[in-house]
2 protein chains.
Amino acid sequence: MTDEGLRERKKRRTRQAISDAAMDLFLARGFRQVSVADIAAAAEVSKPTLFKYFATKEDLLLDRIADHREETARVVRDRPAGVDPLDALHRHFRDRLADRDPVTGLNDAPETIALRDILYGTPSLAAHLMRYAGASEAALAEALAETGADPLTCRLAAAQITVVLLALAEDNWRRVAGGGRADDLHAEAAAAADHAFALLAGGLSVHFGQPAASAR
Amino acid sequence: MTDEGLRERKKRRTRQAISDAAMDLFLARGFRQVSVADIAAAAEVSKPTLFKYFATKEDLLLDRIADHREETARVVRDRPAGVDPLDALHRHFRDRLADRDPVTGLNDAPETIALRDILYGTPSLAAHLMRYAGASEAALAEALAETGADPLTCRLAAAQITVVLLALAEDNWRRVAGGGRADDLHAEAAAAADHAFALLAGGLSVHFGQPAASAR
DNA sequence: AGCTAAGAGTTAACCGAGTCAAGTTTTTGT
DNA sequence: ACAAAAACTTGACTCGGTTAACTCTTAGCT
């Protein structure tokens, strides 16, 4: 089954070793306090090699999280027949909440908390995270376009959905960082998610405008 | 009227000289191709002084654009009585479009185009721009909160509005970058803005879900 | 006017991220 | 067994950003 040569196996192992070393050091000492030279040394690899596997220092950390880039697009694409995209995303996010998936922010494992503190506490990491979010948004827009809706609508919808999901996660992180236990916060987080998706579906006019309002 | 001492005046002039030198060089040679040492030399200033005025190389460029950080919040706060926030923002954006304000992306002055090409073509600049957008979003959320709506709704609404505004601007930039004249594209851009605000106000359910749909 | 304290500016040296070129070792296919 | 390909290393380099020590100018007081 493993038609993977020795070379590939070693590459995978090297990459993993670098990633592991980076994670250990970041969790132990924080992002700024660790230099890429430290990481390279810990992984027993030279600096140029490290940068062959990871383009930037930030990617060393974000790599673990990056797998979720295509997630929303996949959810929309794989939704059961008869279920509309928004509902599918809503259900999926509720499921992720129930699973205490770290992407939702609702996870109080010490390691997850530490990682998230580093993430939101380091501007350059947050900025890079936005780049990943951009990729996720583009993929989602494409998936939505397959429903036949016009491209502009899809792009705007993808942007709104992506930013709302990020806002929900940050909100949950804030609550967990405030000392709450994930289990205690689950109901609240689920309610917030329901509210957010209702807002996405129903629009802002109920709160900040007239339903049929049109400027000018 | 000028209760501004000689010291303040000199500081303002120094800052301006640095900013001007930076803009000239960036427009002439691009972002990556210019080093901060070049800019410092052109402004006849030492490198540490340059960094006293601008925290990062990116800020050297973004400073000109940064004034818009409080704009949406101000529009909401200063809206005429009886006009709801969403309408006020919609009207304001249409006015900015009519004025060919660079923030809308609908501006084909060569210098503006060159600047925008640099902006969107340089990932680190785009990332920094997101930081500015974050500030704008926070300010807008605060302004919306003054309407009495609950904080979560305000934060989500601010995030959605901000991201949609950015998407519209990028859309317009793309059209202008494609070679179109701003005057020819104005009607199209206005229609897109109307569509976007209708989407914000009315929600996504018309396109991607049932109006009364609720997951589970 | 003359003195002093604040603070803007300079020089010079430094750190860390990221890149490059040249050469060495290891895997692979024949 | 051998040659081509590809990973890795070393060492040196560029550039963004910071620090410390020192100089010069402005502000404010008497």
Side-chain angles (χ1 to χ4, degrees), chain A residues 2-23 25-26 28-63 118 122-129 131, chain B residues 2-23 25-26 28-63 118 122-129 131:
Chain A
T2 65
D3 59 346
E4 178 190 52
L6 174 57
R7 186 167 263 166
E8 300 305 315
R9 227 179 311 151
K10 279 202 175 177
K11 273 172 71 174
R12 261 218 0 257
R13 240 179 284 155
T14 303
R15 185 189 170 85
Q16 194 61 40
I18 296 170
S19 181
D20 288 348
M23 198 55 62
L25 288 171
F26 286 150
R29 319 212 302 253
F31 189 75
R32 297 275 314 267
Q33 289 69 40
V34 175
S35 76
V36 298
D38 293 339
I39 297 167
E44 297 185 306
V45 149
S46 73
K47 203 163 57 131
T49 297
L50 184 152
F51 279 113
K52 259 189 64 166
Y53 285 95
F54 300 90
T56 68
K57 187 185 181 185
E58 284 78 16
D59 288 320
L60 248 7
L61 212 174
L62 293 172
D63 190 57
I118 292 174
T122 310
S124 77
L125 280 172
H128 268 251
L129 192 62
R131 285 245 309 284
Chain B
T2 64
D3 58 345
E4 178 189 52
L6 175 56
R7 186 168 262 168
E8 300 305 316
R9 228 178 310 152
K10 280 200 174 178
K11 273 172 70 174
R12 259 217 4 255
R13 242 180 279 157
T14 302
R15 185 189 171 85
Q16 194 61 38
I18 296 170
S19 180
D20 288 349
M23 198 55 64
L25 289 171
F26 286 150
R29 318 211 302 252
F31 189 75
R32 295 276 314 266
Q33 288 70 39
V34 175
S35 76
V36 298
D38 292 340
I39 297 168
E44 297 184 306
V45 149
S46 72
K47 204 164 55 134
T49 297
L50 185 152
F51 280 112
K52 259 188 65 165
Y53 285 96
F54 300 90
T56 68
K57 187 186 181 186
E58 284 77 16
D59 288 321
L60 248 7
L61 214 179
L62 262 23
D63 190 56
I118 291 174
T122 310
S124 76
L125 280 172
H128 268 252
L129 192 62
R131 286 245 310 284

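Residue numbers begin at 1 in each chain, while the letters A, B, ... track the order of the sequences.
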Check: Val34(B) and Lys57(B): which non-hydrogen atoms are nearest, and at how many Å?
Finding: O-NZ, 2.7 Å
Just how far, in rounded Å, is [atom2] of [N] from [atom1] of [X]?
| X | N | atom1 | atom2 | result |
| --- | --- | --- | --- | --- |
| Glu44(A) | dC8(D) | CD | P | 13 Å |
| Arg7(B) | dA8(C) | CZ | P | 6 Å |
| Arg32(B) | dA17(C) | CZ | C1' | 12 Å |
| Arg15(B) | dA8(C) | CZ | C1' | 15 Å |
| Arg12(A) | dA6(D) | CZ | P | 20 Å |
| Arg9(A) | dT28(C) | CZ | C1' | 13 Å |
| Ile18(B) | dG17(D) | CD1 | C1' | 15 Å |
| Lys11(A) | dC8(D) | NZ | P | 8 Å |

Are OP1 or OP2 of [N] and a side-chain N or O of [X] less than 4.0 angstrom apart?
| X | N | answer |
| --- | --- | --- |
| Lys57(A) | dG18(C) | no |
| Thr49(B) | dT10(C) | yes |
| Thr14(A) | dC8(D) | yes |

Assign [X] to base, sugar-phosphate, or nothing according to its heavy-atom contacts below 4.0 angstrom with the strands shown.
| X | result |
| --- | --- |
| Ser35(A) | sugar-phosphate |
| Lys47(B) | base |
| Tyr53(A) | sugar-phosphate |

Margin query: Using the side-chain heavy atoms of Pro48(B), tell me which of these nucleotides is nearest: dG18(C), dT19(D), dA7(D).
Written below: dT19(D)
Determine whether [X] and [Y] make a side-chain contact, defined as any pair of heavy atoms from C-beta on separated by less than 4.5 Å.
| X | Y | result |
| --- | --- | --- |
| Arg9(A) | Arg13(A) | yes |
| Ser19(B) | Tyr53(B) | no |
| Asp38(B) | Arg29(B) | yes |

Notebook entry, point to check: Between Lys10(B) and Phe51(A), who's closer to the 5' end of DNA chain C by nearest nucleotide?
Noted result: Lys10(B)
Next item on the list: Drop me the distance from Leu60(B)'s CG to Phe31(B)'s CZ, to the nearest 0.5 angstrom.
Entry: 7.5 Å
